[in-house]
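Presented below is the structure to which this report refers.
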Amino acid sequence: MLIYKIFRTDEWASFEASGETKGAPIDLADGYIHFSTAEQAAETAAKHFAGAQDLWLLALEAAPLGDALKWEVSRGGAEFPHLYRDMVMSDIVWAKPLPLVNGSHQFPAEMI
């Protein structure tokens with residue numbers, strides 16, 4: 001199962017340059033890296049990235065993350081994937097731009 005992380009362009013560039021990341025500022029504050037499932041990603045984008053341009057969507061395979069990935073209750077009682085270790089480039093299955101079109105983020109067709 002793929003899980004998804006939204007990064008701003010500067011966060012993605014920093015991750016690419018260093019090969020690892022502790023996540024975005026909210027991840028640093030919470031002590032884990034926040035992810036969404038395919039079903040949760042659009043709501044996450046609307047809630048936390050409304051109107052934001054220059055975003056990237058990263059896809060990771062959940063199973064290889066092992067015990068470092070915890071499914072925890074969050075928004076609306078739904079379980080969200082949280083990663084309790086640094087994310088490294090080898091975790092990434094793919095990364096794609098997440099364009100803003102007419103006020104909504106356009107997710108890749110393979111997620112729909």
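Only heavy atoms go into these numbers, but all of them, side chains included; no hydrogens, no water, no symmetry mates. Residue numbers count from 1 along this sequence.
Within the model, atoms CD1 of I33 and OG1 of T21 stand 6.0 Å from one another, a figure rounded to the nearest 0.5 Å. Rounded to the nearest 0.5 Å, atoms CG (L2) and CG (L60) are 8.0 Å apart. In this structure, CZ on F15 lies 6.5 Å from CG on L58, to the nearest 0.5 angstrom. Note that the CD1 atom of I6 and the NE2 atom of H105 stand 7.0 Å from one another [nearest 0.5 Å].
Contact of the F7 side chain with the M87 side chain is registered, since non-hydrogen atoms from C-beta on lie closer than 4.5 Å. Between E16 and W56, the closest side-chain pair of non-hydrogen atoms is not below 4.5 Å.
The two residues A59 and Y4 have their closest heavy-atom pair at CB-CE2, 3.7 Å. M111 approaches A38 most closely through the heavy-atom pair CE-CA, 3.9 Å. Taking all atoms of both residues into account, the shortest heavy-atom contact from W94 to P108 is CH2-CG, 3.9 Å. Nearest approach of E61 to V93, heavy atoms of both residues: N-CG2, 3.6 Å.
The residues K5 and E11 are annotated as not salt-bridged, no charged nitrogen and carboxylate oxygen being separated by less than 4.0 angstrom.
With side-chain heavy atoms closer than 4.5 Å counting as contact, directly or through intermediates, V88 stands alone and belongs to no larger hydrophobic cluster.
One N or O on the side chain of Q106 and one on the backbone of S104 form a donor-acceptor pair closer than 3.5 Å.
Residues I3 and Y32 fall into different hydrophobic clusters, defined by Ile, Leu, Val, Met, Phe, Trp and Tyr side chains chained together at heavy-atom separations under 4.5 Å. Under the 4.5 Å side-chain heavy-atom criterion for ILVMFWY residues, a single connected hydrophobic cluster contains both M1 and I92.
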For residues 64-73, tabulate all N or O donor-acceptor pairs below 3.5 Å that involve a side-chain atom, not counting sequence neighbours.
{"unit_1": "K70", "atom_1": "NZ", "unit_2": "D67", "atom_2": "O", "d": "2.8"}
{"unit_1": "E72", "atom_1": "OE1", "unit_2": "H82", "atom_2": "ND1", "d": "2.6"}
{"unit_1": "E72", "atom_1": "OE1", "unit_2": "Y84", "atom_2": "OH", "d": "2.9"}
{"unit_1": "E72", "atom_1": "OE2", "unit_2": "Y84", "atom_2": "OH", "d": "3.1"}

What side-chain donor-acceptor pairs closer than 3.5 Å can you find for residues 44-55, not counting sequence neighbours?
{"unit_1": "T44", "atom_1": "OG1", "unit_2": "S36", "atom_2": "OG", "d": "2.8"}
{"unit_1": "T44", "atom_1": "OG1", "unit_2": "Q40", "atom_2": "O", "d": "3.1"}
{"unit_1": "T44", "atom_1": "OG1", "unit_2": "R75", "atom_2": "NH2", "d": "3.0"}

